[in-house]
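Heads up: the structure comes next, in C-alpha cells.
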Amino acid sequence: MRKYKVNREQPVKLPSKEAIEKYKDFSRLTHDYDKIVKRPKVPLYKDKRMFFVLLFVALMAILLAQAAKEEETEEENGAVEQVDE
Amino acid sequence: MNPTDLTELKNKSATYIEDQQLILAAKKDPRAFGALYNKYFEQIYLFVFKRVQDEAIAGDVCQDAMLKAMHNIRKYEDRGYPFSAWLYRIASNEVNLFFRSQKKMFTVEVEDKHLKSVMMEVKIGQIEDEDDQEKLIKVLSNLKPEHSEIIELRFFMQYSFKDIAEFYNITEANAKMRLYRILDKLKKTWDSKA
C-alpha cells in the first residue's frame with residue numbers, strides 16, 4: 001500500500017531526458033508482448049506440470065464415468081429384483 | 001478566436017489525425033505500436049514518476065502500462081478524446097495496481113504547498129499548522145488509491161478540470177462532481193478524527 005509524507009524541503013526533481021531514455025526500450029516491450037501473445041513453444045503434453053494436470057483430469061473423468069456406470073447398473077438390478085418379488 | 005488559439009487548434013487536430021493513422025497501423029500490426037510508444041513514452045513516464053517518485057519503478061510501471069496498451073490497442077475506440085488520455089488511464093491503473101501489490105508501505109512525498117491547497121479547498125484545519133498537515137496526510141493515506149488519484153491529479157499535479165475530464169473520459173461537470181464527492185468524503189473523515 002501507499003502512504004504520503006510531507007515534503008517541506010526541495011520538491012522532488014524530475015528525471016532528465018537522458019535518464020528517461022534509459023528506460024525506453026521497445027525491443028523489450030515487443031519481447032514481452034510476444035511472450036503474452038504467442039503460443040508456448042513446448043507442447044502441452046511435454047510440459048511436466050501440465051502433463052500431470054491433464055493426467056489428473058483424465059483419471060477423474062474415468063473414475064466419474066465408472067461410478068456413474070456402476071450406479072446405473074445397481075439401479076437396474078434393483079428394479080429387476082423388485083419385479084421378481 | 002485569436003491567432004494563438006487558432007494555431008493551437010491546428011496543432012491539436014494535426015496530432016489527432018497523426019495519432020489516428022498510427023493507431024490504425026498498430027491495430028493492423030501491433031509492431032507498428034512502436035511509433036506511438038516513441039511518441040508518448042516520455043509523457044507517460046513522467047506521469048508515472050510523479051506518482052511513484054522512483055526512477056526504476058516508474059520505468060517498470062510505464063513499461064507494463066505500454067505493454068497493456070499494445071495488447072489492447074485493437075479494443076481502442078475513438079471517443080473524441082486524445083489518445084494520450086487512454087494511455088494515461090492505463091498508466092494510472094498500473095500505478096494503483098503497483099501500490100496495492102506493495103506489502104510494505106510505499107512512501108510518496110507531497111509538497112506542503114499542495115497540502116495547503118487541499119486544506120484551503122476543503123476548508124479544514126489551520127493551513128500553516130504542521131500538525132494539521134500531518135493529520136491530512138494520514139487521512140489521505142487512508143483513501144483508496146482510486147479515490148486519492150483524482151486529488152493527486154487536481155492538487156498535486158495541477159490538472160485543470162478539462163484535463164481531468166479527458167483523463168476519465170467524462171464531461172468537465174462530471175469531473176468536478178467526482179472530485180467534490182471525494183473531497184466531501186475527505187472532510188467527513190477529517191471531522192470524525194477531530
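Note that the structure is a prediction, hence the values are computed from the model and not measured. So you know, we letter chains A, B, ... as the sequences are listed, proteins then strands, and number each from 1. Any value given below was found using the heavy atoms of this structure, including those in side chains, with hydrogens, waters and symmetry copies removed.
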A:Ile36 versus chain B, the contacting section by heavy-atom distance below 4.5 Å: side chain
Nearest 0.5 Å please: distance from the CZ atom of B:Phe49 over to the CD1 atom of A:Ile20. 9.0 Å
same_hphob_cluster(A:Val12, A:Leu14) at 4.5 Å side-chain heavy-atom cutoff: yes
Bottom line for B:Leu67: the part with an atom under 4.5 Å from chain A's heavy atoms is both
same_hphob_cluster(A:Val37, B:Leu36) at 4.5 Å side-chain heavy-atom cutoff: yes
Starting from B:Met120, can I reach B:Met157 by hopping between I/L/V/M/F/W/Y residues whose side chains sit under 4.5 Å apart? yes
Is it the side chain or the backbone of B:Leu136 that comes within 4.5 Å of chain A heavy atoms, both, or neither? neither
Please state whether the side chain, the backbone, both or neither of B:Ala56 comes within less than 4.5 Å of a heavy atom of chain A. both
When the 4.5 angstrom heavy-atom criterion is applied to B:Phe33 and chain A, the contacting part is both
Which atoms of B:Leu140 come close to chain A, meaning under 4.5 Å heavy atom to heavy atom: side chain ones, backbone ones, both, or neither? both
Answer with yes or no whether the hydrophobic clustering places B:Leu97 together with B:Val52; edges join I, L, V, M, F, W, Y residues whose side-chain heavy atoms lie under 4.5 Å apart. no
Donor-acceptor pairs under 3.5 Å, chain A versus chain B:
unit_1  : atom_1 : unit_2   : atom_2 : d
A:Met1  : N      : B:Phe99  : O      : 3.0
A:Met1  : N      : B:Gln102 : O      : 2.6
A:Met1  : O      : B:Phe106 : N      : 2.7
A:Arg2  : NH2    : B:Ser148 : OG     : 2.5
A:Lys3  : N      : B:Phe106 : O      : 2.8
A:Lys3  : O      : B:Val108 : N      : 2.8
A:Tyr4  : N      : B:Ser141 : OG     : 3.0
A:Tyr4  : OH     : B:Ser148 : OG     : 3.4
A:Tyr4  : OH     : B:Glu152 : OE2    : 2.4
A:Lys5  : N      : B:Val108 : O      : 2.9
A:Lys5  : O      : B:Val110 : N      : 2.8
A:Asn7  : N      : B:Val110 : O      : 2.7
A:Asn7  : O      : B:Asp112 : N      : 3.2
A:Asn7  : ND2    : B:Glu109 : OE1    : 3.1
A:Arg8  : NH1    : B:Gln133 : OE1    : 2.3
A:Arg8  : NH2    : B:Gln133 : OE1    : 3.4
A:Arg8  : NH2    : B:Glu134 : OE2    : 3.4
A:Lys17 : NZ     : B:Glu42  : OE1    : 3.2
A:Lys24 : NZ     : B:Asn38  : O      : 3.3
A:Asp25 : N      : B:Tyr37  : OH     : 2.8
A:Asp25 : O      : B:Gln63  : NE2    : 3.0
A:Asp34 : OD1    : B:Arg31  : NH2    : 2.7
A:Asp34 : OD2    : B:Arg31  : NH2    : 3.2

Same cluster (ILVMFWY, side-chain, under 4.5 Å), B:Leu143 and B:Met177: no
